[in-house]
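First listed ligand is number 1; within each ligand, the first listed atom is number 1.
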Amino acid sequence: MIYDALGVPRIVNAAGTNTRLSGGTMDAEVRAAMAEAATACVDMLDLQAAASRAIAAATGAEAGLVTTGASAALLLGAAACMAGLDAAAMNALPEAPARSGFVMARSQRNMYDRAIRVAGGRIVEVGIPDRFSGAGVRDAAPADFAAAFGPDTAGVLWVAQPWSEPPLEDVARVAHQAGLPVLVDAAAQLPPAANLRAFLDAGADLVCFSGGKAIGGPQGSGILAGRRDLVCSALLQLLDLDLPDAQFVLPPEFAAAGAPAALPHHGIGRSCKPGKEQIAGLVVALGRFVAEGDAPRAARLRARLEVVRDAMGELPGVAAEITPGPVPLLLLRLPGAAAAAAAEARLRARRPAVHVNAARLREGVLAVHPHALAEADLVPLGKALAEALPG
Ligand SMILES: *Cc1c(COP(=O)(O)O)cnc(C)c1O
């Protein structure tokens, strides 16, 4: 095992597909595609065109690109909204884009929106998130977005969560009335698989997904999908374009009216380049994710949690419950936040270290997330929980 050879301890990842904990694991078919891709060379433009066909089939988008993650897709999406198909504007990024403002609801601000600023964009916050402060019921309204639009606005950023306000349809309507594109961060909004299409159907011009989360692709992969002209712009800002203009021909997957005749310089996305192995792995993983279907996937993940729960057994003072939904979780309710924090620390101190999901620690709840668990982890994890939780 490579990690043993490197002297790197393995962990049991019951926290989810967190980047810090190396994402998830990949099916044999995805691993095989990556290994095979590494044995031959191709033109990366042809490979991204094939990926675009697969992404278009899965999402309903006009075109798509494989990036090095949802964060890279956000960066490239922002660059596409700012520069369009203007090669000079691409070359100027990240400095002084003519249009750089990305209007977003203040309640949707998050640490990943930095990708917009890396590309040269500015975040313009609107709305007062009263419903989060407990002071009222309101959040940003479509009219707040419309009022913030100006000549230097490049687009709208909308961060997808089941509770996001205002609804994407309403934001897209006011953005499109002003001729502005809507970029959606849906990095972790899968499953349900229907979300591959839902945001584009609701009016998004570009949508970003992580490849290394529920899709089950390589940890360092992501998807940017949407309007062909914007994806074409992103492609031109991602690819290595070190060739004479005359040798560059846009494949039909990306061909957009107004594409620059003269190639831009290496773009702002040059440091977001996926390898052929990541692209091959992601395309295979995406096909498998769609083919499996939500109900069989939920049943498969639930079966993992049942093995963990059964190996753990009944523990006094611990209420165990497997939640319904597309990603079932094993919730372990302890008598209070302090007990949960102590148990979480004991699990992390074990060798191998056990990482559970601590998002609800304040409520006294530890969650076992099934996505990143390997089959061989399940029984040892149940036994580790039995030892570490108060009994
Ligand atoms: C995980 C996540 C990202 C980053 O995705 P990567 O694929 O790791 O780059 C961005 N936004 C949100 C909301 C996320 O949950």
Residues Asp27, Arg31; criterion salt bridge (charged side-chain N to carboxylate O under 4.0 Å, His left out); working and verdict: CA-CA 6 Å; Asp27 288 350; Arg31 301 197 304 268; over 6 Å; no

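- Between Asp152 and Arg122 there is a salt bridge, with a side-chain nitrogen of the basic residue lying less than 4.0 Å from a carboxylate oxygen of the acidic one.
- Looking at ligand 1, you'll find an N or O of Ser71 within less than 3.5 Å of one of its N or O atoms.
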For Asn13 and His371, run side chain to side chain donor-acceptor pair (under 3.5 Å): C-alpha distance rounded to whole Å, both residues' side-chain angles, the deciding distance at 0.1 Å, then the answer. CA-CA 9 Å; Asn13 181 5; His371 258 144; over 6 Å; no

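- Ligand 1 places these atoms under 4.0 Å from at least one heavy atom of Ala188: 15 (O).
- Residues Arg360 and Leu331 have side chains in contact (heavy-atom distance under 4.5 Å, counting atoms from C-beta outward).
- The heavy atom nearest to atom 13 (C) of ligand 1, out of those in Leu75, Thr67, Asp185, Thr19, is found in Asp185.
- One finds a salt bridge joining Asp4 and Arg10 here, because a Lys/Arg side-chain nitrogen approaches an Asp/Glu carboxylate oxygen to under 4.0 Å.
- Between the side chain of Asp294 and the main chain of Ala193, a donor-acceptor pair closer than 3.5 Å is present.
- From the protein, the heavy atom lying nearest to atom 10 (C) of ligand 1 is Tyr112 CG, 3.2 Å.
- At least one heavy atom of Lys213 sits less than 4.0 Å from an atom of ligand 1.
- Between Val159 and ligand 1, no pair of N/O atoms sits closer than 3.5 Å.
- Near Gly69, meaning under 4.0 Å from one of its heavy atoms, ligand 1 places the atoms 7 (O), 9 (O).
- In terms of polar-atom proximity, defined here as any N/O pair under 3.5 Å, Ser210 does make such a contact with ligand 1.
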